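Note that this is a predicted model, so its numbers are computed, not measured. Within every chain, numbering begins at 1; the chains are lettered A, B, ... in the order of the sequence lines, protein sequences first and strands thereafter.
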Amino acid sequence: MIGTLLRRDLGLLLPGGRAGGGVLPLLFFLAVAMLYPFAVGPDAQLLARTGGGVIWVAALLAAILPLERLVTADLEAGVFDQLHLRGVSEELAMASRLIAHWLAFAPLLLLATLPAAALLGLDEATTRTVLLGLLAGTPGLAAVGLAVAALTASLRGGAALAGLMVIPLAVPILIFGAGALARPDPGALMLTGAISLGLCALAPFAAALAIRSVREG
Amino acid sequence: MQARLAATDLACRRGDRLLFRGLSFECDAGEALHIAGANGIGKSSLLRILAGLLRPLAGSVLHEGGIGLVDERLAMDENLPLGRALAFWEHIDGCRDPGRAFEVLDLASLMEVPVRYLSTGQRKRAALARLLNRNCPIWLLDEPLNGLDTQAQKAFEALVLGHCDGGGIAVVASHQGFALPSPRTIELAEYAA
């Protein structure tokens with residue numbers, strides 16, 4: 001059952017998938033990394049010191065872009081109603097969507113981090129910390145994004161609101177994930193991962209509640 | 001297991017409006033029920049309550065057997081060819097022989113057409129094909145004849161008759177007449193608050 005759901009969700013969300021969007025978040029992410037040196041000037045030391053944080057902010061903002069097409073279309077088309085009638089709980093549907101959402105944006109984002117790090121002149125150790133941090137943090141970003149997308153799916157202008165709502169919820173991930181850059185401490189990365197996993201465990205339930213409340217409304 | 005659908009003392013409120021109250025009925029295997037009433041009187045809400053998608057303000061619904069719902073929302077991927085959009089639901093429903101339904105509903109020639117290009121009637125037929133392939137005893141049909149041409153209407157009425165003869169239950173909400181095997185009708189206006 002989950003395999004069938006996941007196949008469909010991946011077909012929707014992967015770059016080039018049916019829900020559209022594709023590689024746009026990725027290009028956005030790279031564009032930020034490219035613009036930053038233009039904005040602060042060619043001070044290599046400054047860039048190397050602050051570049052990791054910029055990558056984190058860019059990743060967070062890029063994670064907001066796909067939210068609009070995450071839940072809304074299926075909610076309006078009645079897909080979740082038909083699944084509910086077939087005994088597929090909203091929780092299961094949302095768990096599958098969470099996995100698909102992460103797979104659709106995180107691996108490519110990690111890949112794009114390499115050219116971004118090169119553009120900002122990050123050294124090897126910093127790049128590794130950023131990569132590990134993003135690996136630990138992106139599941140949490142995906143989870144927050146899914147829950148917020150489900151909450152705002154039925155609202156007019158929900159997409160813009162979703163963007164605003166994700167930012168404060170993503171702050172803990174950002175603090176520990178980007179915080180690991182300041183001093184070489186694996187503890188911060190582990191905390192990022194722990195927050196991420198906690199959010200991933202909660203998000204399907206929160207998103208399912210949101211979908212059911214729309215149905216009742 | 002015999003299919004059964006029973007509603008006891010249902011009441012439904014949407015927003016500030018009490019749509020109906022005190023609605024009770026019972027359907028045993030092979031029975032059909034026509035829910036009649038003007039637009040906005042609560043036919044769709046009643047079907048959603050029966051399907052378990054909407055909580056009634058009061059009362060309860062009891063059903064034995066799987067429920068299939070056809071309403072105005074198709075719930076299929078607009079960008080996929082119809083065949084693949086239906087295949088997803090066949091997988092979920094565990095349907096092994098979807099072909100018969102496509103033949104009965106004259107869909108075979110549309111399998112390669114993306115869902116978004118289908119006409120209203122073709123979309124309705126796709127939803128009905130999914131219902132047939134679900135192979136469940138309780139059918140909840142919300143305005144099933146909307147958009148269907150005369151020929152498809154006839155074919156579909158025959159399908160509902162066959163379904164009930166085979167021990168199924170059909171609840172049809174429709175503002176127009178519908179040829180049902182046992183002409184039981186609930187006029188929703190009689191239960192309006």
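- When heavy atoms are compared at a cutoff of 4.5 Å, A:L75 approaches chain B solely by way of its backbone atoms N, CA, C and O.
- Checked against the 6.0 Å centroid threshold, A:H101 and A:F105 count as a close aromatic pair.
- Against chain A, the residues from residues 130-153 of chain B that qualify, each with a non-hydrogen atom under 4.5 angstrom away, are B:R130, B:R134 in number order.
- Proximity to chain A (any heavy atom under 4.5 Å) is shown, for B:L69, by both the backbone and the side chain.
- Looking at heavy atoms from C-beta onward, A:W56 lies in side-chain contact with A:L134 at the 4.5 angstrom threshold.
- A:P66 places none of its side-chain heavy atoms less than 4.5 Å from the side chain of A:L13.
- Counting all heavy atoms, side chain and backbone alike, A:A93 lies closest to A:L83 at CB-CD1, 4.3 Å.
- For residues 22-60 of chain B, a heavy-atom distance under 4.5 Å to chain A picks out B:R48, B:A51, B:G52, B:L53, B:L54, B:R55, given by residue number.
- A:T138 is linked by a side chain to side chain donor-acceptor pair (under 3.5 Å) to A:W102, counting only residues two or more places apart in sequence or in another chain.
- Across A:E76, A:M1, A:R212, A:E216, the residue that shares the most heavy-atom pairs under 4.5 angstrom with chain B is A:E216.
- You'll find the side chain of A:F29 reaches within 4.5 Å of the side chain of A:I55, heavy atoms only.
- B:L161 contributes atom CG, which lies 6.5 Å from atom CG of B:D165 (distance to the nearest 0.5 angstrom).
- For A:R86, the side chain to side chain donor-acceptor pair (under 3.5 Å) criterion is met by A:Q82, B:D93, not counting sequence neighbours.
- The pair B:E72-B:R123 does not meet the salt-bridge criterion, since no charged nitrogen lies less than 4.0 angstrom from a carboxylate oxygen.
- Heavy atoms of other residues, nucleotides or ligands lying less than 6.0 angstrom from CD of B:Q2 number 12 at most.
- Applying the 6.0 Å contact sphere to CZ of B:R13 captures no more than 12 heavy atoms from other residues, nucleotides or ligands.
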